[in-house]
Enquirer: 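Just dropping this structure here.
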Amino acid sequence: MSVSQRNTWHYSHEWMLGYRKYLSREVIASFDRGNVINGLLDDHSMNKLKKIWILRRILSDFPDQERKSEWKEHIFPFIIAQLKGRFHDEK
């Protein structure tokens with residue numbers, strides 16, 4: 001599988017961690033929003049709880065208002081979709 005076909009959010013996240021001390025919270029939030037969060041949510045190699053744990057850690061770097069927005073736009077819908085799938089599969 002070529003690199004362009006892999007879900008590489010974790011490489012972007014590790015890169016950001018290496019440079020975060022040089023960047024503002026706004027820049028980190030923008031980078032994570034554009035390069036990390038969606039890839040993490042689409043990563044099928046890890047369980048849902050681990051995804052949520054990593055997202056909480058990533059969002060701790062966001063300014064307060066942006067953190068609330070990300071929870072509302074990405075994380076809550078993700079959790080709800082996962083729960084709907086779980087309960088739908090049990091029927």
Side-chain angles (χ1 to χ4, degrees):
M1 180 182 293
S2 72
V3 173
S4 64
Q5 292 176 325
R6 292 185 215 159
N7 189 331
T8 59
W9 69 267
H10 47 83
Y11 297 116
S12 296
H13 182 62
E14 291 297 321
W15 180 87
M16 176 55 68
L17 290 177
Y19 289 95
R20 69 189 284 167
K21 63 183 174 183
Y22 305 109
L23 304 169
S24 70
R25 291 176 82 183
E26 289 79 13
V27 169
I28 292 170
S30 178
F31 182 86
D32 283 339
R33 191 179 309 102
N35 298 289
V36 176
I37 292 175
N38 287 332
L40 172 61
L41 293 176
D42 289 338
D43 189 342
H44 299 291
S45 70
M46 65 176 53
N47 69 44
K48 296 160 190 110
L49 241 74
K50 185 167 183 167
K51 288 181 186 183
I52 293 169
W53 183 79
I54 293 170
L55 283 168
R56 285 187 64 217
R57 207 172 68 209
I58 289 171
L59 292 177
S60 69
D61 287 333
F62 281 39
D64 289 339
Q65 191 58 36
E66 289 186 52
R67 184 178 322 125
K68 291 175 188 173
S69 174
E70 288 300 316
W71 273 97
K72 183 179 178 183
E73 292 177 27
H74 292 286
I75 298 170
F76 286 141
F78 169 76
I79 292 169
I80 290 167
Q82 297 302 312
L83 289 174
K84 282 182 181 177
R86 178 178 176 192
F87 292 120
H88 179 69
D89 292 343
E90 291 177 1
K91 290 183 180 180

Enquirer: Run the side chain to side chain contact (heavy atoms under 4.5 Å, CB included) test against Glu26 and tell me which residues pass, sequence neighbours left out.
Expert: Ser24, Pro63, Glu66
Enquirer: Find the distance between CG (Leu59) and CD1 (Ile52) and round it off to the nearest 0.5 Å.
Expert: 11.5 Å
Enquirer: Mind checking whether Leu17 and Ile58 sit in one hydrophobic cluster, side chains of I, L, V, M, F, W, Y counted as touching below 4.5 Å?
Expert: no
Enquirer: Less than 4.5 Å apart, any side-chain heavy atom of Met16 and any of Leu23?
Expert: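 Yes, close enough: below the 4.5 Å cut-off.
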Enquirer: Are any non-hydrogen side-chain atoms of His13 and Arg57 less than 4.5 angstrom apart?
Expert: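 Answer yes - side chains close enough.
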Enquirer: Write out all pairs satisfying salt bridge (Lys or Arg N to Asp or Glu O under 4.0 Å) with one or both partners inside residues 11-21, taking only residues at least two apart or from two chains.
Expert: Arg20-Asp61
Enquirer: Can you name the side-chain hydrogen bond (donor to acceptor under 3.5 Å, both in side chains) partners of Ser60, sequence neighbours left out?
Expert: none
Enquirer: Taking a hydrophobic cluster as the set of Ile, Leu, Val, Met, Phe, Trp and Tyr residues connected by side-chain heavy atoms closer than 4.5 Å, whether directly or through intermediates, do Ile28 and Tyr22 fall within one such cluster?
Expert: yes
Enquirer: Between atom CD1 of Ile37 and atom NZ of Lys51, what is the distance when rounded to the nearest 0.5 Å?
Expert: 13.5 Å
Enquirer: How close do Val36 and Ser12 get, counting heavy atoms only, and between which atoms?
Expert: CG2-CB, 4.0 Å
Enquirer: Within this structure, what is the CD1-CG distance for the pair Ile54 and Leu49, rounded to the nearest 0.5 Å?
Expert: 11.0 Å
